Asks: 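Dropping a structure here in structure tokens format, bear with me for questions.
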Amino acid sequence: MAKLPILHFPDPRLRTKAKPVLVVDDTIRRLANDMLETMYDAPGVGLAASQVNHHIRLLVIDITEEKNQPMVFINPVITPLTDATVPYEEGCLSVPSIYDFVERYARVSVTALNEHGESFTLEADGLLAVCLQHEQDHLDGKLFVDYLSSLKRQRIKAKMLKQQKQNA
């Protein structure tokens with residue numbers, strides 16, 4: 001396994017719409033494992049392939065405290081199970097040190113392939129539902145800051161650019 005570099009906002013590559021995975025093979029499994037290692041090291045609870053500059057519909061999640069229940073979702077399709085939304089304070093590995101509240105569907109269903117290419121469906125609420133929607137957004141070229149006001153987004157962008165210059 002290898003740790004992968006994470007793209008940071010406002011990198012335009014984060015706006016790329018991911019393409020479906022056509023074949024689940026060892027290359028995809030290796031990428032998923034590398035993404036899990038990267039996510040755990042960051043540390044985070046979810047990571048989309050788009051965030052590590054692989055623009056395919058693959059995401060990984062582990063919301064457990066122990067970090068021992070990794071989930072792999074290939075070509076996920078998320079369906080709201082309710083019109084009800086809940087505010088949840090989100091952060092993002094591509095927008096480090098920034099947190100804000102975003103409204104997400106309270107309950108969703110996701111159908112995807114696992115790392116073996118087998119189809120599965122699960123229902124989620126709470127943190128898992130939020131993570132699924134957040135990571136799915138990445139696959140569509142959308143970031144959680146897009147849900148914020150344009151003023152907040154501009155301030156975050158300026159802060160991120162300043163941090164990137166300092167770290168260069």
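Predicted model only: the values in this text are computed from it and were never measured. FYI, side chains are in, hydrogens and waters are out, and symmetry mates aren't considered; it's all heavy atoms of this structure.
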Asks: Restricting to side chain to side chain contact (heavy atoms under 4.5 Å, CB included), what partner residues turn up for Asp146, sequence neighbours left out?
Replies: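 Per chain and number, Asp146 pairs via side chain to side chain contact (heavy atoms under 4.5 Å, CB included) with Arg15, Lys142, Leu143, Arg153.
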Asks: Tabulate below the donor-acceptor pairs under 3.5 Å that side-chain atoms of residues 157-168 make, not counting sequence neighbours, or state none.
Replies:
from	atom 1	to	atom 2	distance (Å)
Gln164	NE2	Phe9	O	3.0
Asn167	ND2	Gln163	O	3.2

Asks: What's the spacing between Leu7 CG and Arg13 CZ if we round to 0.5 Å?
Replies: 4.5 Å
Asks: What are the two closest non-hydrogen atoms of Leu132 and Ile78, and how far apart are they?
Replies: O-CD1, 3.3 Å
Asks: To the nearest 0.5 Å, tell me how far Leu113 CG sits from Phe73 CZ.
Replies: 11.5 Å
Asks: Are there over 12 heavy-atom neighbours, none belonging to Lys67, within less than 6.0 Å of that residue's NZ?
Replies: yes
Asks: Is there a donor-acceptor pair under 3.5 Å between the side chain of Glu89 and the backbone N or O of Tyr99?
Replies: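 The answer is no, because no donor-acceptor pair under 3.5 Å joins these two groups.
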Asks: Is it true that a side-chain atom of Gln51 and a backbone atom of Ile6 form a donor plus acceptor pair closer than 3.5 Å?
Replies: no
Asks: Atom CD of residue position Glu65 - does it have more than 12 heavy atoms of other residues, nucleotides or ligands inside 6.0 Å?
Replies: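 No, the 6.0 Å shell around CD holds no more than 12 heavy atoms from other groups.
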Asks: Rounded to the nearest 0.5 Å, how far apart are CD1 of Ile61 and NE2 of His134?
Replies: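 NE2 of His134 is found 9.5 Å from CD1 of Ile61.
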Asks: Could you pull out the closest heavy-atom pair between Phe144 and Gly91, with the gap in Å?
Replies: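 Taking every non-hydrogen atom into account, CE2-C, 4.1 Å.
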Asks: Is any side-chain N of the basic residue among Asp25 and Arg30 closer than 4.0 Å to the acidic one's carboxylate O?
Replies: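 The answer is no: the pair does not qualify as a salt bridge.
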